[in-house]
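Worksheet: one structure, shown below.
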Amino acid sequence: MDELWTVQDVASYLRKPASWVYDNHKRYFRAARAGRALLFSPEEIKEWVRGRMRP
């Protein structure tokens, strides 16, 4: 894992407001804390999106 995404990165990728990421991150994907910042694995976010796609 070379790169981690911030809340803003995840929100942009998912096309959701940052508040949605803050409100729902515990339900859908894990986050690491660096001080007050939440950091996410891009691979985990992309995997979550793929799992939600309909065939």
Side-chain angles (χ1 to χ4, degrees):
M1 179 181 336
D2 294 330
E3 176 185 351
L4 293 173
W5 283 357
T6 64
V7 169
Q8 297 297 344
D9 295 330
V10 174
S12 177
Y13 182 78
L14 296 177
R15 298 182 183 165
K16 297 277 190 182
S19 60
W20 185 92
V21 178
Y22 281 114
D23 292 344
N24 292 285
H25 77 275
K26 289 181 182 178
R27 177 183 295 161
Y28 297 121
F29 21 79
R30 297 175 299 168
R33 282 211 177 265
R36 296 176 71 178
L38 293 175
L39 300 173
F40 301 87
S41 163
E43 293 82 19
E44 187 174 336
I45 302 300
K46 291 175 183 178
E47 184 178 318
W48 179 79
V49 170
R50 281 191 297 273
R52 298 193 40 90
M53 295 176 91
R54 296 180 189 166

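Residues: numbered from 1 along the sequence shown.
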Shortest non-hydrogen separation from Pro42 to Glu3 and the atoms involved: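 In this case the closest contact between Pro42 and Glu3 is CD-O, 3.2 Å.
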To the nearest 0.5 Å, what is the distance between CD1 (Ile45) and CH2 (Trp5)?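 The CD1 atom of Ile45 sits 7.0 Å away from the CH2 atom of Trp5.
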Please list, chain by chain and in numerical order, all residues satisfying ring pair (Phe, Tyr, Trp, His ring centres under 6.0 Å) with Trp48, sequence neighbours excluded.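 For Trp48, the residues satisfying ring pair (Phe, Tyr, Trp, His ring centres under 6.0 Å) (neighbours in sequence not counted) are Tyr28, Phe29.
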Determine whether Tyr22 and Val7 satisfy the following criterion, side chain to side chain contact (heavy atoms under 4.5 Å, CB included), listing intermediate values before the conclusion. CA-CA 7 Å; Tyr22 281 114; Val7 169; 3.6 Å; yes
side-chain contact (heavy atoms from CB on, under 4.5 Å) involving Ser12 - partner list, sequence neighbours excluded: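 With sequence neighbours excluded, Ser12 shows a side-chain contact (heavy atoms from CB on, under 4.5 Å) to no residue whatsoever.
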Counting C-beta onward and ignoring hydrogens, is there a side-chain heavy-atom pair between Leu39 and Thr6 closer than 4.5 Å?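 When only atoms from C-beta onward are counted, Thr6 and Leu39 do touch, with a gap below 4.5 Å.
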Among residues two or more places apart or on two chains, list those pairs meeting salt bridge (Lys or Arg N to Asp or Glu O under 4.0 Å) that have a residue in residues 46-55.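 Passing the test, one end in residues 46-55: no pairs.
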Test: salt bridge (Lys or Arg N to Asp or Glu O under 4.0 Å). Region: residues 16-41. Which pairs qualify, not counting sequence neighbours?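 For residues 16-41, and leaving out neighbouring residues, the salt bridge (Lys or Arg N to Asp or Glu O under 4.0 Å) pairs sorted by first residue read Arg30-Glu44.
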Quiz question: by atom type and distance under 3.5 Å, do the side chains of Ser41 and Glu43 form a donor-acceptor pair?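 Distance-only check passes for Ser41 and Glu43.
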